[in-house]
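Below you'll find the structure, written out as structure tokens, and then a few comments.
The analysis underlying the following values was restricted to heavy atoms, covering all of them including side chains, and did not include hydrogens, waters or symmetry mates.
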Amino acid sequence: MRTYVAVLVHAAEVETGAEAKVETEGEAGAPAAAERRAPLYRESFVLLTARSEDEARSRARAHGESLETSYRNERGEPVTWTFRQLVDVAEVPDDRLGDGAELYTRHFRDFAAYTAFEPLLAGEDL
């Protein structure tokens, strides 16, 4: 068995105004059309053990799908988390997991684009 790291992306969508009522001509008291906020995306790195990369990919997809969920937030709005993408599966390069072990390496060319999509780099609260 070998250890792999899978990069998964999930999205949370929140329906706002799902409980609101609107008064329009001829439709007084009809439920408002639910609006959606811009989704919040979550990228996660998950360790898996598997005999091969293909098995690790299959297990990673199943894991991502198993994390799909729906609930109501503190405002009573419906929140739905869906599995969006299996980005990558790679064998962990360091078989000695511990202090300083490298799990995964990502390369990119545009640091400004990276900081634009990573809210924690801008000091934004999630």
Side-chain angles (χ1 to χ4, degrees):
M1 296 290 268
R2 293 181 275 183
T3 303
Y4 293 86
V5 61
V7 181
L8 308 172
V9 175
H10 287 83
E13 299 202 39
V14 178
E15 286 186 31
T16 61
E19 303 296 323
K21 302 279 185 187
V22 292
E23 298 221 7
T24 60
E25 195 172 315
E27 296 185 46
E35 299 173 23
R36 293 194 185 275
R37 291 186 199 150
L40 175 66
Y41 295 95
R42 177 182 72 210
E43 179 180 53
S44 57
F45 298 78
V46 177
L47 290 176
L48 303 163
T49 55
R51 290 180 205 47
S52 68
E53 185 176 323
D54 286 342
E55 180 185 346
R57 284 185 180 283
S58 177
R59 293 193 62 223
R61 278 190 191 90
H63 180 76
E65 291 168 357
S66 76
L67 296 177
E68 293 185 328
T69 189
S70 295
Y71 57 89
R72 290 195 176 270
N73 66 15
E74 64 279 357
R75 292 185 205 98
E77 301 163 324
V79 177
T80 302
W81 281 97
T82 57
F83 176 59
R84 282 296 186 80
Q85 186 76 42
L86 171 60
V87 177
D88 194 14
V89 170
E91 191 169 353
V92 174
D94 192 342
D95 61 355
R96 297 177 326 257
L97 296 180
D99 190 33
E102 185 172 310
L103 295 179
Y104 183 78
T105 300
R106 181 194 339 250
H107 300 88
F108 53 92
R109 298 189 189 283
D110 188 341
F111 189 72
Y114 178 70
T115 58
F117 94 85
E118 176 49 74
L120 295 175
L121 286 175
E124 182 182 327
D125 287 333
L126 299 178

Legend entry - V79-L67 co-clustered via ILVMFWY side chain contacts under 4.5 Å: no
Inset, instruction - Give a yes or no on whether V46 and L86 share a hydrophobic cluster (residues Ile, Leu, Val, Met, Phe, Trp, Tyr; joining criterion: side-chain heavy atoms under 4.5 Å apart). - result: yes
Inset, instruction - Kindly compute the distance separating CD (E77) from CD (E13), expressed to the nearest 0.5 Å. - result: 13.0 Å
Legend entry - Distance-minimising heavy-atom pair for A6 and L48: CB-CD1, 4.0 Å
Legend entry - Side chain to side chain, V87 and L8, heavy atoms closer than 4.5 Å: no
Inset, instruction - Give, for atom CZ of F83 and atom NE2 of H63, the distance between the pair rounded to the nearest 0.5 Å. - result: 9.5 Å
Legend entry - W81 side chain reached by R42 side chain, heavy atoms, under 4.5 Å: yes
Inset, instruction - Evaluate the side-chain proximity of F45 to L103: yes if any heavy-atom separation is below 4.5 Å, no if none is. - result: no
Inset, instruction - Return yes if some donor-acceptor pair links the side-chain N/O of S58 with the main-chain N/O of E55 below 3.5 Å, else return no. - result: no
Legend entry - Spacing of CZ belonging to R96 relative to CD belonging to E102, to within rounding of 0.5 Å: 11.5 Å
Legend entry - H10 side-chain N/O to E68 backbone N/O, donor-acceptor pair under 3.5 Å: no
Legend entry - Rounded distance [0.5 Å steps], OH in Y104 versus CD in E91: 14.0 Å
Legend entry - Mutual orientation of the aromatic rings belonging to Y114 and F108 [parallel < 30°, tilted 30-60°, perpendicular > 60°]: parallel
Inset, instruction - May I ask you to decide if R51's main-chain N or O and R2's side chain share a donor-acceptor pair within less than 3.5 Å? - result: yes
Legend entry - Reported CE-to-OG distance for the pair M1 and S52, which is rounded to 0.5 angstrom: 9.5 Å
Inset, instruction - May I ask you to decide if T49's main-chain N or O and R59's side chain share a donor-acceptor pair within less than 3.5 Å? - result: yes
Legend entry - R57 side chain near D88 side chain, heavy-atom distance below 4.5 Å: yes
Inset, instruction - Would you indicate whether the side-chain heavy atoms of L97 and L47 approach each other to under 4.5 Å? - result: yes
